[in-house]
Amino acid sequence: MKAAFLTGIRQLEIRETAPPQIDDPHGVLLRVGAVGVCGSDVHYYTTGRIGTLVVKYPEWTGHECAGSVVAVGDQVKRLAVGQRVAVDPLISCGHCDQCLSGREHTCRNQSFLACPGQGPGALAEYLVMPERSCYAIPDGMTMVQAAVVEPLSIGIYAQRLAQMRPGAKIAILGSGPIGLCVLLASRAACNCAVYVTDLIEARLEMAQRCGATWTGNPKQIDVVRAIRELEPLGVDCVFECAGQQETLDQAIELLKPGGTVLMIGIPEVDRVSFSIHTMRRKEIQLQNVRRQNRCMAPAIELVASSAINLDQIVTHHFALAETKQAFDLVADYRDGVVKAIVHVAE
Ligand SMILES: [Zn+2]
Ligand SMILES: [Zn+2]
């Protein structure tokens with residue numbers, strides 16, 4: 001089969017490799033349909049690492065995917081050949097303390113698609129996943145929508161972690177795919193006021209179409225001052241989706257006392273800092289968001305019922321052979337790109 005491999009910094013090749021086999025009775029063989037290009041894939045592509053996870057070339061890539069079932073293991077109960085599924089890229093062990101307490105996303109023995117040294121990548125013609133990582137999608141849902149269910153599940157999970165009260169005021173700093181998914185999840189969940197910032201105008205326009213109350217570009221205005229003029233008491237929650245020191249600082253300034261900052265963005269640096277006296281006086285809560293937990297099914301439901309329109313954040317389409325162009329486009333933030341999709345088969 002054909003599969004995409006990272007072969008160096010900003011190098012990616014489509015290579016021929018042996019197709020995977022079902023070697024576990026709970027395994028499901030999928031023909032991959034569509035794969036979303038994620039910021040984390042592009043981090044590995046441009047820098048060769050995220051924190052302590054360092055790429056050893058050649059390395060698989062891609063994890064936001066959907067496909068159709070072509071074969072199932074003996075013990076597979078819920079899925080049958082021909083069914084179409086959205087994939088949770090996490091393979092958890094099912095027996096560690098984290099899994100047993102319902103925190104599969106922090107499983108101590110996990111592997112995740114295309115994380116260096118862990119699972120294979122989704123940018124391949126075929127993929128084997130455990131049945132519990134596969135979620136059947138309804139007939140009306142497209143492969144593209146199903147591929148974007150995974151980032152949406154992160155938005156829904158972050159929104160749930162924030163425990164927003166009705167009428168909450170929130171800010172989303174960074175309006176890339178994950179920031180927009182937090183926005184869509186928040187607007188679907190409650191009638192909250194949402195302030196969104198980003199450095200790229202096209203992303204702010206998209207945030208407005210997705211229901212932002214207000215948008216601002218820190219290249220043009222002092223966004224903290226502008227938001228505080230509209231919300232003199234500060235906001236209840238800030239979703240930091242940029243992974244920058246500057247946006248972490250803005251988050252602390254924007255929050256009201258007792259507010260919560262949810263850290264979703266992946267910094268390229270190994271350490272960040274906080275204005276500890278501001279944080280301490282305001283008793284700010286700091287909540288890290290590690291991908292998502294048990295939000296794939298709710299995400300599918302919200303898309304299937306048209307409560308959330310995912311098509312509006314999908315901006316670019318590529319074939320598997322054009323994966324490198326897709327990664328370069330996303331890495332360089334060119335052409336108003338938000339979510340780029342690689343169509344492996346459809
Ligand atoms: Zn992702
Ligand atoms: Zn586990």
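Given the structure is predicted, the values throughout are model-derived calculations rather than measurements. Atoms within each ligand, like the ligands themselves, are counted from 1 in listed order.
H63 contributes atom NE2 as its closest N/O/S atom to the Zn ion (ligand 1).
Residue P116 forms a side chain to side chain contact (heavy atoms under 4.5 Å, CB included) with just one option from R49, E59, K56, and that option is E59.
If you put the vertex on the Zn ion (ligand 2), SG of C96 and SG of C99 sit 110° apart, to the nearest 10°.
Side-chain contact annotation: Q159 with S186, donor-acceptor N/O pair under 3.5 Å absent.
More than 12 heavy atoms of other residues, nucleotides or ligands sit less than 6.0 Å from atom CD of Q220.
Annotation: cation-pi pair R291/F112 present, NZ/CZ under 6.0 Å from the ring centroid and within 45° of its normal.
Within the 2.8 Å limit, C107 places at least one N, O or S atom next to the Zn ion (ligand 2).
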